[in-house]
Amino acid sequence: MVVTITPTIESNFSSFGRNVNTTTTNGSGFSDNLDMVIRFAFIVILFITMVSLGCTLEISKIKNHLTKPKGVAIAVGAQFGIMPLTAFCLAKLFQLGPMETLAVLICGCCPGGNLSNIFALALQGDMNLSVVMTTCSTALGLGMMPLLLYLYSQGFSNLVQYVPFTGITFALIMILVACGIGILINYRVPQYSKIIIQVGLMVMLISCVVIGVLAGIFDGGKLFTVLSPQLTATAALMPLIGFTCGYILSTVFRMNAPYWQTYCFCGGRLSEHPDVFHNPEGGLPC
């Protein structure tokens, strides 16, 4: 059983685009300029954050995760197995419309993002595993995302044009370049690593608050016009289901040293968290 998205979605996207264009034209160029500034600032902040995350990495541990890729394999299987299926089931359960179904499927099929690395750092997870997982899922997403969208939408002819290949490629380059700089800093001048990490997190927290406030002031009202109760419930259940399934997989495969790695999927984005019940003697959690 697969989701069937009829060609009427094309007209939905067209009308949606016309409405957006009309709103933008009527608003003045200020919103466009503000949007460009926010996007550029977000890219700079993300780069600084990824450099600070790279300062937590060690080449030897990265090699260990690549040569013994059990954790990476679990992450990839969950990312491209559990999350797309979860998105599909929720779309069928709540009987979402064609446009909403497509949005949920894209969200469920997309690879892990940089937000997972930030959560892993904040919660003292295994940063080396986190970055390796994000890099692998992003690289595989270039092929897996259109394939999964094709399978779950029963081959909708124009669906591939909505796959964000540019965004995925940019995210992959961002991870490799920024984290590479951080690794180099940690290798050459490790005494500055902690300072860079603290500064990076501080910049990220402050900027997220500022950008969130600005976005809420200028675009907050539009958000509630496109959210239905069914779509809101889907957005709430997807990360909860992904977290639960990821935790079960981690338990089954005994991912409990040095931190218990669980896999939390937030809108298709993967993050790792240490378990507070980790047993230091090497056994399963209490």
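Quick caveat, the model's predicted, so the values are computed rather than measured.
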(request) Return the minimal non-hydrogen interatomic distance between Asn128 and Ile62, and the atom names on each side. (result) OD1-CG1, 3.7 Å
(request) Check for a donor-acceptor pair, side chain of Gln79 on one end and backbone N or O of Cys110 on the other, with a separation under 3.5 Å. (result) yes
(request) Hey, could you give me the OG1/CD1 distance between Thr49 and Ile197, rounded to the nearest 0.5 Å? (result) 12.0 Å
(message) Tell me whether Asn117 contacts the main-chain N or O of Met50 through its side chain, where contact means a donor paired with an acceptor under 3.5 Å.
(response) no
(request) Among Ile, Leu, Val, Met, Phe, Trp and Tyr joined by side-chain contacts under 4.5 Å, find the other residues sharing a cluster with Val44 and list them by chain and number. (result) Phe40, Ile48
(message) Is the shortest side-chain heavy-atom distance between Cys245 and Ile241 below 4.5 Å?
(response) yes
(message) With rounding to the nearest 0.5 angstrom, report the OG to CG distance, Ser137 to Leu142.
(response) 10.5 Å
(request) Report yes if the side chains of Phe88 and Leu85 come closer than 4.5 Å at any heavy-atom pair, otherwise no. (result) yes
(request) Please list, chain by chain and in numerical order, all residues satisfying side-chain contact (heavy atoms from CB on, under 4.5 Å) with Thr135, sequence neighbours excluded. (result) Val131, Leu172, Ile175, Leu176
(message) I need the minimum non-hydrogen distance between Phe80 and Pro111, along with the two atoms involved.
(response) CZ-CB, 4.2 Å
(message) If hydrophobic clusters are built from ILVMFWY residues whose side chains come within less than 4.5 Å, do Val51 and Tyr187 share one?
(response) no
(request) Please round to the nearest 0.5 Å and tell me the distance separating atom CE of Met174 and atom OG1 of Thr169. (result) 13.0 Å
(message) So for atom CD, which belongs to Gln191, do other residues, nucleotides or ligands contribute more than 12 heavy atoms lying within a distance under 6.0 Å?
(response) yes
(message) Tell me whether Lys61 contacts the main-chain N or O of Leu129 through its side chain, where contact means a donor paired with an acceptor under 3.5 Å.
(response) no
(request) Rounded to the nearest 0.5 Å, what's the gap from CG on Leu105 to OH on Tyr152? Could you check? (result) 9.0 Å
(message) Using every non-hydrogen atom in the two residues, find where Leu148 and Cys109 come nearest and quote the distance to one decimal.
(response) CB-SG, 3.7 Å
(message) side-chain contact (heavy atoms from CB on, under 4.5 Å) for Leu66 and Val72? Distances and angles first, verdict last.
(response) CA-CA 8 Å; Leu66 292 176; Val72 177; 5.5 Å; no
(request) Would you name the heavy atoms of Gly108 and Met83 that are closest together and state the gap between them? (result) O-CB, 3.4 Å
(message) Do Leu184 and Ile173 sit in one hydrophobic cluster, given that two such residues count as connected whenever their side-chain heavy atoms are within less than 4.5 Å of each other, even indirectly?
(response) no
(request) Check whether any side-chain heavy atom of Met145 sits under 4.5 Å from a side-chain heavy atom of Ile106, and report yes or no. (result) yes
(message) Whether the side chain of Asn186 engages the backbone of Leu57 through a donor-acceptor N/O pair (distance < 3.5 Å, no angle test) should be reported.
(response) yes
(request) Kindly say whether Leu96 contributes a backbone atom to a donor-acceptor pair with the side chain of Thr101 at under 3.5 angstrom? (result) yes
(message) Could you check whether any side-chain N or O of Ser130 sits under 3.5 Å from a backbone N or O of Asp126, counting only pairs where one atom can act as donor and the other as acceptor?
(response) no
(message) Could you report the tightest heavy-atom contact between Ala233 and Phe94, atom names first, then the distance?
(response) CB-CZ, 3.8 Å
(message) So, taking the atom named CE in Met127 and the one named SG in Cys55, what distance separates them when rounded to the nearest 0.5 Å?
(response) 10.5 Å
(message) What's the separation between atom CD1 in Ile183 and atom CG in Leu53, rounded to the nearest 0.5 Å?
(response) 11.0 Å
(message) Quick one, Leu231 and Val104 - any side-chain contact, counting heavy atoms below 4.5 Å?
(response) yes
(message) Do Phe47 and Ile181 have side chains that approach each other closer than 4.5 Å (heavy atoms only, starting at C-beta)?
(response) yes
(request) For residues Ala75 and Met133, report the shortest heavy-atom separation together with the two atoms involved. (result) CB-CE, 3.3 Å
